[in-house]
Number of protein chains: 2
Amino acid sequence: MIDITLIGTAALMPIPQRALTAVFLACGGHSILFDCGEGTQTAARKAGVSLARVDMIALTHYHGDHIFGLPGLLQTLTNSERTEPLYVTGPAGLSQAMEPVLKLTGGTPYEIILLEIPAALKLSELISGWPVEAKLSTFKTEHRVSSQGYCFELSRAGKFQPENATALGVPLRLWKVLQKGSSVEVDGKIILPEQVMGAPRKGLKFVFTGDTAPCGSLTAAAANADLLICEGTYGDNAQAEAANEYGHMTFAQAATTAKAANVAQLWLAHFSQMIQNPLEYLPNATEFFANTICGRDGMSTTLKFKE
Amino acid sequence: MIDITLIGTAALMPIPQRALTAVFLACGGHSILFDCGEGTQTAARKAGVSLARVDMIALTHYHGDHIFGLPGLLQTLTNSERTEPLYVTGPAGLSQAMEPVLKLTGGTPYEIILLEIPAALKLSELISGWPVEAKLSTFKTEHRVSSQGYCFELSRAGKFQPENATALGVPLRLWKVLQKGSSVEVDGKIILPEQVMGAPRKGLKFVFTGDTAPCGSLTAAAANADLLICEGTYGDNAQAEAANEYGHMTFAQAATTAKAANVAQLWLAHFSQMIQNPLEYLPNATEFFANTICGRDGMSTTLKFKE
């Protein structure tokens with residue numbers, strides 16, 4: 001299962017009623033923070049999630065409202081006596097963007113590893129302890145600068161078929177090894193996991209957009225996601241042109257994307273400070289995609305395998 | 001008069017119940033912000049003060065909890081279409097400390113002027129519109145790094161003596177000029193303000209410490225202040241040694257300083273996050289100085305001339 005917490009929902013600048021948009025994802029005792037604006041560390045504490053042992057900070061782009069919380073968070077991790085390395089990833093330009101951040105932060109007793117994810121990343125190959133089924137990938141978004149969204153997937157193996165294992169003569173004590181995805185040797189013969197497992201079952205998929213105008217790469221990446229957290233900077237349909245000019249979208253455009261991608265649920269976030277109450281504009285989204293929720297700071301959900 | 005707002009009261013890192021310690025001072029339609037940690041801009045909005053037209057940001061030192069809010073605030077000023085120059089002052093090392101801050105911030109449509117205040121500064125000579133009576137000075141503090149506190153004074157001229165003006169033959173229409181501190185010419189004779197004004201009256205004085213262990217320079221600078229906002233990182237008397245080792249002080253030490261300096265009122269701030277409720281430790285201060293108040297985020301006062 002995957003725990004998702006929406007830490008904040010603001011755009012451009014933090015305001016008293018809304019922290020800047022950031023998302024915390026936890027899975028199998030490990031975690032990733034998506035974006036880190038000014039105040040993200042405080043909003044995370046308010047939301048009841050701990051960033052003390054976060055494995056990775058995944059940045060969607062390098063505008064201030066998505067990275068100005070880094071120096072404070074990195075120093076807080078120092079104060080909490082962290083020693084585990086911390087991965088920071090983001091689109092092209094990562095080391096250049098991080099240079100003044102790291103200069104401001106000063107030294108840290110833990111290593112900060114900058115990493116541009118080339119394509120899909122099997123997290124367990126980078127950080128020990130992550131479920132082997134967890135995969136993080138990126139997709140291009142349409143903002144005014146180098147930017148990307150993130151797709152986190154947890155795949156699910158097929159059901160174990162005890163009758164196959166018995167027929168192949170696999171002793172009971174080796175069933176777990178096969179179930180965990182490794183092959184075993186029985187009487188000098190190699191038995192592969194796929195010989196005793198059914199077809200893979202539907203896994204879980206979470207997608208976070210960062211800042212973007214509507215685009216095909218987002219719709220493709222979000223296909224059949226269990227949860228899409230999508231920017232909805234503007235509530236009013238009339239602002240579609242302005243939204244796109246600045247590399248953003250309206251509630252209606254986010255909902256149209258969610259519908260085209262056939263996601264299970266859409267959460268809107270990254271609200272312009274012109275929006276006092278996002279709920280006022282929710283009908284602009286639900287008209288196109290019924291299962292749309294206006295994000296609220298601190299809201300969370302657990303995505304679980306079906307059946 | 002001087003309006004003082006305590007924007008936050010936390011130390012080291014912002015926490016949900018306390019923003020980082022910063023102070024907003026307004027006088028005659030102009031203003032100064034003392035320190036700017038992560039979240040100061042949001043806490044200022046919560047406290048109901050606008051930083052949009054702040055004239056100067058006065059930093060006490062360059063530790064993260066006092067400066068990491070700068071990139072966000074400076075970008076917010078950009079977004080508010082500010083054009084007036086902004087002065088940033090601080091102790092030795094200002095331009096070095098500001099280099100990564102300004103790099104992170106990026107360009108601004110207003111000028112940022114870095115200024116190490118040499119001694120006392122008559123604000124009206126730097127920024128037009130400040131009352132001519134307003135003076136900002138600094139004093140050395142005892143922290144682990146280059147650091148300073150600030151003293152803001154508003155002097156007050158003596159009472160106008162109409163009988164003197166009449167005796168000197170000054171026409172009524174010129175009285176205001178003399179009252180405002182300029183000389184006038186009457187029948188070819190120069191009349192100086194001091195010829196028609198009584199002795200200067202007691203002005204107003206506000207002192208902010210930043211981070212410091214108890215020290216003579218602070219006690220001297222705070223002499224007879226109307227309000228001293230002093231750090232009180234530790235509440236427990238037993239932590240005096242640890243406090244001083246880290247360049248901080250206890251509530252009791254802050255109160256002892258206030259008493260020695262004969263201030264009218266002491267506000268404590270910069271509370272360690274170990275302190276859940278600062279009021280629990282207040283008796284440790286009031287034992288030495290009765291008029292001590294535990295700072296709360298957003299509290300404010302107006303210092304007014306007596307009589």
Side-chain angles (χ1 to χ4, degrees), chain A residues 7-8 10-20 36-52 62-80 96-108 144-145 246 272-274 297-298, chain B residues 7-8 10-20 36-52 62-80 96-108 144-145 246 272-274 297-298:
Chain A
I7 292 175
L12 200 61
M13 66 189 76
I15 56 177
Q17 62 274 36
R18 294 200 287 267
L20 286 167
C36 185
E38 181 183 357
T40 291
Q41 63 167 319
T42 318
R45 284 180 72 152
K46 258 188 211 163
V49 299
S50 170
L51 299 179
Y62 309 120
H63 279 156
D65 54 333
H66 297 254
I67 67 165
F68 283 176
L70 285 170
L73 175 59
L74 299 180
Q75 278 201 355
T76 294
L77 296 182
T78 292
N79 296 329
S80 70
Q96 200 184 340
M98 287 297 289
E99 188 265 324
V101 169
L102 296 175
K103 195 159 182 192
L104 255 189
T105 305
T108 57
R144 285 158 295 156
V145 293
Y246 291 110
S272 158
Q273 64 163 349
M274 289 178 299
D297 287 24
Chain B
I7 291 176
L12 200 60
M13 66 190 75
I15 55 176
Q17 61 274 35
R18 294 200 286 268
L20 286 166
C36 186
E38 182 183 356
T40 292
Q41 64 167 319
T42 318
R45 283 179 72 150
K46 259 188 209 161
V49 300
S50 168
L51 299 178
Y62 309 120
H63 278 156
D65 55 333
H66 297 254
I67 67 165
F68 283 176
L70 285 171
L73 175 58
L74 299 181
Q75 278 201 355
T76 294
L77 297 182
T78 292
N79 296 330
S80 70
Q96 202 184 339
M98 287 296 290
E99 189 265 324
V101 168
L102 296 176
K103 195 159 179 189
L104 255 189
T105 304
T108 58
R144 286 158 295 157
V145 292
Y246 291 111
S272 158
Q273 64 163 347
M274 291 178 299
D297 287 24

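Side-chain contact between B:K103 and A:K103: absent, with no pair of heavy atoms (C-beta onward) separated by less than 4.5 Å. Between A:M13 and B:R45 the shortest side-chain heavy-atom distance falls below 4.5 Å.
With a 4.5 Å cut-off on non-hydrogen atoms, B:Q273 touches chain A through its side chain but not through its backbone. For A:Q17, no part sits under 4.5 Å from any heavy atom of chain B, backbone or side chain. With a 4.5 angstrom heavy-atom cutoff, B:T40 touches chain A only via backbone atoms. With a 4.5 Å cut-off on non-hydrogen atoms, B:I67 touches chain A through its side chain but not through its backbone.
Highest contact tally toward chain A, considering only B:N79, B:T105, B:L104, is held by B:L104 [criterion: heavy-atom pairs under 4.5 Å].
The CD atom of B:Q75 sits 8.0 Å away from the CG atom of A:L12 when rounded to the nearest 0.5 Å.
Side-chain N or O atoms of B:E38 include one that pairs as donor or acceptor with a backbone N or O of A:G39 at under 3.5 Å.
When all heavy atoms of B:P16 and A:T42 are compared, the closest pair comes out as N-CG2, 3.6 Å.
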